[in-house]
Amino acid sequence: MVDDREFAGLRCSEVLALLSDYLDGDLDRATGDRIDAHVLVCDQCARFGGAFSTMVKQLRDRLGGAMAPRETRLRILTGVRDRR
Amino acid sequence: MDAAKLTRARAGDREAGNQFVAAHLDRVWRYSRALTHDPVAADDLVQETFLAALSSAEELRADDATAWLLHIARNLWHRQHRRRVGEPAVFESLEQLGDRAGWGANPERAAAAIQDRDRLDAALRRLDPDDREVIWLRDVEGLDGPAVATLLGQPLATVKSRLHRARLRLMATLHEEEKPHGR
């Protein structure tokens with residue numbers, strides 16, 4: 001279980017709730033700064049935030065950008081051309 | 001560029017049509033595979049999507065060809081596979097989701113799985129389709145929040161909330177897979 005502590009005016013549960021908005025750059029500067037200050041002293045939020053951020057980044061890096069195999073591309077292009 | 005190509009393609013310019021399809025095929029293919037989980041169904045969906053786009057009279061704004069095509073693919077798929085979309089049977093608070101995801105415990109336990117493409121993909125496939133879709137659009141394809149909201153037909157705030165919960169559920173799936181047996 002999490003020890004829901006308060007640092008820099010934010011509780012750990014609040015940091016958890018704001019984590020995606022923080023990663024996506026959707027927070028106002030003041031709130032972002034408070035999260036930075038909280039994470040600086042709160043080890044459990046720093047570790048969880050780091051793992052969460054890595055997962056989000058890996059989704060793009062590992063799964064994004066895959067290209068359709070050559071045969072699939074040809075089949076689709078031919079199919080669209082023939083049916084028009 | 002896309003809008004001009006599309007106009008020429010609709011007027012019968014086959015080369016323009018081929019270029020338009022080739023330029024967007026990979027993204028539509030990836031999304032179709034994420035939606036269908038079936039390579040044959042995905043290929044069919046991709047073809048139907050481009051056929052619909054090339055024959056539609058809908059004007060394309062210059063900057064949104066990808067989102068527009070994904071929107072067509074989504075509509076085609078859901079029209080063929082109508083399903084009830086609703087809240088999960090059991091509501092979990094963010095703290096409960098966080099606990100399952102390793103918050104306050106050992107979040108690094110899922111590190112190996114996160115770095116492994118196949119395991120990450122497998123965990124994503126185990127999610128509820130709505131969770132998987134919002135993560136795919138936002139995190140894998142990199143569409144911004146407003147574009148995802150438009151594509152899903154939902155308010156931005158709803159999409160953001162769904163995305164955060166979906167990410168936590170994915171992290172929980174990865175974390176729970178790494179749990180030592182018997183604990």
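- For L168(B), the parts lying under 4.5 angstrom from a heavy atom of chain A are both the backbone and the side chain.
- Proximity to chain A is absent for every atom of D144(B), based on heavy atoms less than 4.5 angstrom apart.
- In this structure, chain A has a heavy atom under 4.5 Å from the side chain of L25(B), while its backbone stays farther away.
- Residues meeting the side-chain hydrogen bond (donor to acceptor under 3.5 Å, both in side chains) test with D116(B), sequence neighbours left out: none.
- Contacts with chain B (heavy atom to heavy atom, under 4.5 Å) involve these residues of residues 67-79 of chain A, listed by number: M67(A), A68(A), P69(A), T72(A), R73(A), R75(A), I76(A), L77(A), G79(A).
- Taking the side chain as every heavy atom from C-beta outward, D24(A) and R138(B) approach each other to under 4.5 Å.
- Contact annotation for R30(B): only side-chain heavy atoms (C-beta onward) come within less than 4.5 Å of a heavy atom of chain A.
- In terms of heavy atoms, R167(B) sits closest to M55(A) at O-CE, 3.4 Å.
- Here the closest non-hydrogen pair linking R81(A) and R14(B) is O-NH1, 3.2 Å.
- The structure places CG of L63(A) at 6.5 Å from CG of L124(B), a figure rounded to the nearest 0.5 Å.
- For A22(B), the parts sitting under 4.5 Å from any heavy atom of chain A are the backbone and the side chain alike.
- Note: D139(B) CG to Q58(A) CD = 12.0 Å, rounded to the nearest 0.5 Å.
- For a residue to count as touching a neighbouring chain, one of its non-hydrogen atoms must lie under 4.5 Å from one of that chain's; by this rule D21(A) touches chain B with the side chain only.
- Applying the side chain to side chain contact (heavy atoms under 4.5 Å, CB included) test between L59(A) and each of D121(B), I114(B), I135(B) identifies I135(B) as the sole match.
- Taking each heavy atom of E95(B) and S13(A) in turn, the nearest pair found is OE2-CB, 3.4 Å.
- Heavy-atom distances place both the backbone and the side chain of Q115(B) under 4.5 Å from chain A.
- Contact tally against chain A (heavy-atom pairs below 4.5 Å) for R27(B), E48(B), M171(B), K160(B): the top residue is M171(B).
- Both L94(B) and F52(A) belong to a single network of hydrophobic side chains, linked directly or stepwise wherever heavy atoms of I, L, V, M, F, W or Y lie under 4.5 Å apart.
- Nearest heavy-atom pair across S20(A) and H164(B) is OG-ND1, 2.6 Å.
- Under a hydrophobic clustering in which Ile, Leu, Val, Met, Phe, Trp and Tyr are joined whenever their side-chain heavy atoms come within less than 4.5 Å, directly or via other members, F7(A) and L18(A) fall into different clusters.
- The CG atom of L51(B) sits 5.0 Å away from the CZ atom of R83(A) when rounded to the nearest 0.5 Å.
- Only the side chain of C45(A) comes within contact range of chain B, with heavy atoms under 4.5 Å apart.
- Within the 4.5 angstrom heavy-atom criterion, no atom of A113(B) approaches chain A.
- The candidate with the highest count of non-hydrogen atom pairs below 4.5 Å against chain A, out of R33(B), E141(B), R165(B), is E141(B).
- Chosen from L97(B), L54(B), D44(B), the residue pairing most often with chain A at heavy-atom distances under 4.5 Å is L54(B).
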